[in-house]
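One structure is given below, encoded as structure tokens.
Along the sequence shown, residues carry numbers from 1.
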Amino acid sequence: MSSDTALSIAAMADASAIAGYQWSDRGVAPKGYLRGMAVAFGRVYCKLNAGRDAASEMAMPDSGDAGTDALAWYANEFSALGMDNSNAGGDVLRHVFVLLTGLGMRESSGRYCEGRDMSAGNAGGETAEAGLFQVSHNSIYAHFLLSALYDQYKGSTDFQDIFREGVACSAASWKSWGAGDGQDFQALTKACPAFAVEYAALALRKIRSHWGPIIRKTAELRPECDDLFQSVASYIDANAITEV
């Protein structure tokens, strides 16, 4: 994504109503988190318009399978807010990102470099959680496109410069646990928030029970997030932006 496009989208995030919202038990989101989520949504929206597989899978209609699909699990909550997920496309993708934004605040307070929960016993490479959405490598087996995203982003630090705004990372946060693919997965999830976002967005549709805040429905759905992502989509459409 070009720097001009990213700057324009970041400005929308700064001016949005969600920028000043006090998330339950978490407070106001770091500036970089909302900027990053808006820019990441813009990238995935472009991928959806281009027919990319993972983005298209994220934007599939509510499957009705509440055991695996977070949209089905949150169906009543989405309905109460007038967020219809019955037709594949941009509306569904926006709503996935609305839920994802709430999940990130619940899991990491919007901190891209967050390490594992030290109060939990998940210290092995496969089960140690990391990053914005506290995802572990053992989730990768839920769908073949999750591993495809991992392979695509290996070695990248995409959007770290955006998500970094207002966030300080300690050496303890950067530590990755275990060995092998699991350790590498943790490192990439923290170093490359673009990967973390796309991976978790897809995983919400395939393995929603991976997250306690989704199981308990403590990840907030905020219509102000939907407004922000709608503004991003409209900007992309109006300017015929196709870059991914």
Side-chain angles (χ1 to χ4, degrees), residues 1-21 28-56 58-59 89-90 93-98 100-105 108-114 130-133 135 148-169 173-174 187-202 222 224-244:
M1 178 171 289
S2 75
S3 58
D4 287 345
T5 298
L7 285 171
S8 295
I9 293 175
M12 294 177 202
D14 291 348
S16 68
I18 197 64
Y21 176 67
V28 174
K31 180 178 286 189
Y33 179 60
L34 295 180
R35 285 180 173 182
M37 291 301 295
V39 172
F41 171 78
R43 171 178 280 186
V44 178
Y45 184 71
C46 287
K47 289 184 176 184
L48 177 64
N49 290 341
R52 300 290 183 89
D53 287 347
S56 297
M58 295 171 202
L93 186 67
R94 282 201 329 272
H95 301 158
V96 169
F97 269 73
V98 169
L100 188 63
T101 304
L103 177 62
M105 283 305 297
S108 71
S109 298
R111 293 170 45 81
Y112 72 96
C113 53
E114 193 69 26
L132 287 163
F133 311 103
V135 178
L149 283 171
Y150 179 55
D151 291 339
Q152 172 193 333
Y153 275 107
K154 279 182 180 177
S156 172
T157 59
D158 282 11
F159 299 164
Q160 187 185 128
D161 57 331
I162 301 171
F163 277 88
R164 187 185 297 137
E165 182 77 23
V167 174
C169 302
S173 293
W174 282 117
L188 180 64
T189 299
K190 290 180 281 190
C192 184
F195 163 71
V197 170
E198 292 187 40
Y199 185 95
L202 180 57
R222 296 303 310 175
E224 300 94 332
C225 287
D226 195 40
D227 292 342
L228 170 58
F229 298 136
Q230 179 64 73
S231 295
V232 174
S234 296
Y235 171 79
I236 287 170
D237 290 341
N239 291 278
I241 295 169
T242 58
E243 61 211 22
V244 295

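Residues that satisfy the disulfide (SG to SG under 2.5 Å) test with C113, not counting sequence neighbours, are C169. Take Y150 and apply the side chain to side chain donor-acceptor pair (under 3.5 Å) test, not counting sequence neighbours, and it matches no residue. For T157, there are no side chain to side chain donor-acceptor pair (under 3.5 Å) partners at least two apart in sequence or on another chain. In this structure, the side-chain contact (heavy atoms from CB on, under 4.5 Å) partners of S173, at least two apart in sequence or on a different chain, are R111, S170. Here R164 pairs with nothing under the salt bridge (charged side-chain N to carboxylate O under 4.0 Å, His left out) rule; sequence neighbours left out. For T242, the side chain to side chain donor-acceptor pair (under 3.5 Å) criterion is met by no residue, not counting sequence neighbours. Remark: D4 engages no residue in a salt bridge (charged side-chain N to carboxylate O under 4.0 Å, His left out) (not counting sequence neighbours). The side-chain contact (heavy atoms from CB on, under 4.5 Å) check on S156 picks up Y153, D158, C192, with sequence neighbours excluded. The side chain to side chain donor-acceptor pair (under 3.5 Å) check on Q152 picks up nothing, with sequence neighbours excluded.
Between L132 and Y33 there is a side-chain heavy-atom pair separated by less than 4.5 Å. The shortest distance between side-chain heavy atoms of T101 and L34 falls below 4.5 Å. Residues Q230 and R94 meet the side-chain proximity criterion, which asks for heavy atoms closer than 4.5 Å. Looking at F41 and V197, their side chains never come closer than 4.5 Å, going by heavy atoms from C-beta outward. Looking at heavy atoms from C-beta onward, T189 lies out of side-chain contact with F133 at the 4.5 angstrom threshold.
The structure places OG of S16 at 9.0 Å from CZ of F229, a figure rounded to the nearest 0.5 Å. Distance check: D226 CG to H95 NE2 gives 4.0 Å after rounding to the nearest 0.5 Å. I9 CD1 to M37 CE: the interatomic distance, rounded to the nearest 0.5 Å, is 13.0 Å.
Of all non-hydrogen atoms in G110 and M105, the two that sit nearest each other are N-SD, 3.9 Å. Minimum heavy-atom separation, V28 to A19: CG1-O, 3.3 Å. Contact record, L149 with L202: CD1-CD2, 4.1 Å, taken as the closest heavy-atom pair. Closest heavy-atom contact between P30 and G166: CB-O, 4.3 Å. Across all non-hydrogen atoms, the minimal contact from L100 to A201 is CD2-CB, 3.9 Å. Closest approach of C46 to I241, counting heavy atoms only: SG-O, 3.7 Å.
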* Run the numbers on F195 and Y199 for ring pair (Phe, Tyr, Trp, His ring centres under 6.0 Å), then give the verdict. => CA-CA 6 Å; F195 163 71; Y199 185 95; 5.3 Å; yes

* **S2/T5 under side-chain hydrogen bond (donor to acceptor under 3.5 Å, both in side chains): CA gap, chis, key distance, verdict** => CA-CA 5 Å; S2 75; T5 298; 2.9 Å; yes

* To do: Kindly indicate, with the supporting measurements, whether the criterion side-chain contact (heavy atoms from CB on, under 4.5 Å) is fulfilled by F97 and C225.
  => CA-CA 8 Å; F97 269 73; C225 287; over 6 Å; no

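Annotation: salt bridge (Lys or Arg N to Asp or Glu O under 4.0 Å) contacts involving residues 234-244, sequence neighbours excluded, are absent. Within the structure, the salt bridge (Lys or Arg N to Asp or Glu O under 4.0 Å) test picks out the following pairs touching residues 28-41 (sequence neighbours left out): D14-R35. Here salt bridge (Lys or Arg N to Asp or Glu O under 4.0 Å) pairs that include residues 193-202, with residues two or more places apart or in two chains, are K47-E198.
Between Y112 and W174, the ring planes are perpendicular. Angles over 60° get that label, and only those under 30° would be called parallel.
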